[in-house]
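Let me begin by presenting the structure, written as structure tokens, before commenting on it.
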Number of protein chains: 4
Amino acid sequence: MENNPAADQGQLEQDQWVQELLDLSEKEQVTPKQLSILRAAIDVFAEKGFSAAATSEIAQKAGVAEGTIFRYYRTKKELLLAIVVPTMSRMIAPFVLRNFSGVLDVPFESYEAFLKAFMLNRLEFVRRNLKIVKILIQEIPFQPALKEQLTENIFEQVLERVTTITEHFKAQGEVIDAPTPAIIRFTISAIVGYLLVRLLLMPEQDWDDEAEIEQTVSFILHGIGGNG
Amino acid sequence: MENNPAADQGQLEQDQWVQELLDLSEKEQVTPKQLSILRAAIDVFAEKGFSAAATSEIAQKAGVAEGTIFRYYRTKKELLLAIVVPTMSRMIAPFVLRNFSGVLDVPFESYEAFLKAFMLNRLEFVRRNLKIVKILIQEIPFQPALKEQLTENIFEQVLERVTTITEHFKAQGEVIDAPTPAIIRFTISAIVGYLLVRLLLMPEQDWDDEAEIEQTVSFILHGIGGNG
Amino acid sequence: MENNPAADQGQLEQDQWVQELLDLSEKEQVTPKQLSILRAAIDVFAEKGFSAAATSEIAQKAGVAEGTIFRYYRTKKELLLAIVVPTMSRMIAPFVLRNFSGVLDVPFESYEAFLKAFMLNRLEFVRRNLKIVKILIQEIPFQPALKEQLTENIFEQVLERVTTITEHFKAQGEVIDAPTPAIIRFTISAIVGYLLVRLLLMPEQDWDDEAEIEQTVSFILHGIGGNG
Amino acid sequence: MENNPAADQGQLEQDQWVQELLDLSEKEQVTPKQLSILRAAIDVFAEKGFSAAATSEIAQKAGVAEGTIFRYYRTKKELLLAIVVPTMSRMIAPFVLRNFSGVLDVPFESYEAFLKAFMLNRLEFVRRNLKIVKILIQEIPFQPALKEQLTENIFEQVLERVTTITEHFKAQGEVIDAPTPAIIRFTISAIVGYLLVRLLLMPEQDWDDEAEIEQTVSFILHGIGGNG
DNA sequence: GATGAATGAGTCTTCATTCAT
DNA sequence: GATGAATGAAGACTCATTCAT
């Protein structure tokens, strides 16, 4: 039951992120114990799913007593939300906050450049938050709190912002004059499709991300139809 | 807790399907009791998720005793698999079996016609098996049995078949000369993206499926890039 | 963990009563297991108090699995109420129902005869339900459900009935013309005082109940003042 | 969670008393923190019952850290006893100590005057220590330490003293020649009955204590029997 | 075949108590 | 002295599974 933060090198990057996440969300120091609870919870939730995850296992993996978890998070569900809500915010942050990640705000020369930058940016984000994203996707259908977030943020703020961007490029003639919702859906499908295959379905395959992204953006813009 | 199959007209179609499914998978008669267990299980699994679903609730909804479930399915997990495995098979059936649904075998005049027919066909399939598909997606990460199926069937059989098809159209000049896996991924992303938005994210919206499918196929073939 | 209903002879009388109680309240057969749960619960609640009583101890004493308790009573509190509410009803039954125990309905020749009969009757009742009465007294302050019962039944029905009786005897000149509430309070105090001392404070002492009751009734009627 | 002693004027009287109590029992200075722990504990014990009371809630209400309670009282039970034992002593003090409250020592002209003075005195006492008395009554059955006190003090000292007093008045012809224990029981029943109804069962009713006490004493002396 | 009572391991959660700071 | 983070045993309650009827 030792707690050796030095050992698990594979998680270093994610730890960094968890720290970031907490700094961001709370602006107050997070105890090492709380951190190891979060890390353990992320692992167990991702591996077993929220319902099937036992707080006893989380405690054990975190190297703390079971009661300690409940000092920080009153219920198991609150622990879930503490992990997942900030990530949800960060996931859509580029669409919501100006000058946040810079991806959407730097005036891109072209739609193509914009799409490439965006894909690369989100790929990096999901890669660094893979487990949390898995948990998030799994639990959205069962957690009203998350559904609400989704509705309020994605369907109201994000869609509006993305619509603006899309119509901007439409006006410039870089995007064809088709219904904006269909364009958005199609574009996001291609991007998300790549992320899923890349990170979840076939993560172990060798990937040349730059080339794949370029290819995908090319498909988005020109399709896969032949000369006919 | 009566079980009146006549009442729930909305499920008639699905019931029909469940019957089909069972006929197919077992080739032996399915008792009405077993059928109502399956139907109840589909409802509860879809609503609560597998882990959070209680067999007692399933029994209650099915109008049978708790013990009865375990006459037919030795464990809760077996009940899950009995629901989900045949649907998985049917989901990929068009790619695997010849002359099954006919979608892939009728020699289409064009890739475009093929894609449209395929989308419509799968849309109909998912629509009629929505809950089961939900369950399937939810549980794949946690059920090794399903993961295995996925690997063996999708990644070996389906991919091979789809590769063949794609390369056929490539040879005919209807599809550009890009890496086949990327083409496949891109195409399926667009299709699945549509299905998800259409049936899961915004099912209540009014949809003109024919137009949307046409639009999507057009995007797949020619992209969304402007004249530049 | 054997369950030998024949052995505990001391409880025979009470068992009889528990059976009675349940017959009365449910009019349906009570399983032996349920009965032993009730008996064990009565013992443990009386000994430790409701809050400090562990369902595990009740289960152990009843010779059943802990889960079994919760098949019959959804919560620990429900188990408490199942024990205590019917007794509460029976405790005040003589005041509420006509011809129930007969104590209040037979036209007594005198107030004295009435008081004696009533004391004897209630003494017997409390003696046979001692533990439950203990539990009842203990838990009334903390169980809103019981408080409500108390208010609705005691303060509305019982007081009204007792007032009628008292005023009947007042009219007959057997009771002095003092404020009825004071008379009632005083009378009940004397009776309850005897019951408490007799059964709770000094139960092991040798008691000549008839003589004591006669004495108490005499005090109630003529006081303890000397000839002065 | 501030603790502003100035605000709760309603408790001023009781606070005063708590101070008294502690001065009495310990003869050493009591810190403000200890005082607020005691006050909070009285509130919580009275409201929830000892077993159901959480030390964390007491700490919170007292405005101290959870650990602080255990600096002063090693266990929760010790805290209970610290509250309840001194009150128990004071409750029976008039019977035990000479010249303490003076109630029993001033040579009363009559048994009647004595009873009235005694009732008024105890009414005042219980009124000012209502919560503690509640706690005391609740916990006597479950705390051997309290039971022991009860046996040793009440049943040995108090009864002896009360017997002496009663027999004194018996000798003077003010009390009839009936068994002393019955007389005592009856008298105390009437007094305690009044206190309970007055302070616990119907505290919100308007009471004319002097008149009620006079009435009650009259009943004790002359009973409620009519001229018959 | 069908039942549903019974099980008991396992769940999340609480809480009195300790102890390093 | 005072804190409050940490503990871990114990609590009420759930639930998949069994089996006698």
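Values in this document were obtained by computation on a predicted structure and should not be read as measured data. In the text below, chain A, chain B and the rest are named by the order of the sequence lines, each starting its count at 1.
- Nucleic acid contact for C/A52: none, since no nucleic acid atom lies under 4.0 Å from a heavy atom of the residue.
- Taking CZ of A/F50 as the reference point, atom CD of A/Q143 lies at 5.5 Å (rounded to 0.5 Å).
- Residue C/E66 places its side chain closer to F/dA12 than to any other of F/dA12, E/dA6, F/dA16.
- Closest contact between the side chain of C/T68 and the listed nucleotides E/dC12, F/dA2, E/dT7 involves E/dT7.
- Comparing D/S51 and A/K76 along DNA chain E, the residue whose closest nucleotide (by nearest heavy atom) sits nearer the 5' end is A/K76.
- Mapping A/A65 and B/F50 onto DNA chain F by nearest heavy atom places A/A65 closer to the 5' end of the strand.
- Nucleotide E/dA16 holds its P atom 19 Å from the CZ atom of D/R71, rounded to whole Å.
- As a whole-Å value, the separation of B/L35 CG from E/dG1 P is 17 Å.
- Between C/F70 atom CZ and E/dA5 atom C1' the separation is 16 Å, expressed in whole Å.
- Considering only side-chain atoms of D/A54, the nucleotide from E/dT7, E/dA16, F/dT3 that sits closest is E/dA16.
- Within 4.0 Å of A/A59, counting heavy atoms only, lies no atom of the nucleic acid at all.
- In this structure, F/dA20 forms a base pair with E/dT3, meeting either the Watson-Crick or the G-U wobble geometry with both donor-acceptor distances under 3.5 Å.
- For B/K33 and E/dT3, the shortest distance from a side-chain N or O to OP1 or OP2 is below 4.0 Å.
- Taking atom OH of residue B/Y72 and atom P of nucleotide F/dT17, one finds them 18 Å apart after rounding to whole Å.
- Considering C/K131, C/K48, C/K61 as possible partners of C/D43, the one that fulfils the side chain to side chain donor-acceptor pair (under 3.5 Å) test is C/K131.
- Of all the heavy atoms in D/A41 and D/I83, the pair that sits closest is CB-CD1, 3.5 Å.
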Review point. Please walk me through it: do A/Y73 and A/Q34 pass side-chain hydrogen bond (donor to acceptor under 3.5 Å, both in side chains)?
Key: CA-CA 10 Å; A/Y73 308 96; A/Q34 194 174 356; 3.1 Å; yes

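- Atom CG of A/L80 is separated from atom C1' of E/dC12 by 15 Å (rounded to the nearest Å).
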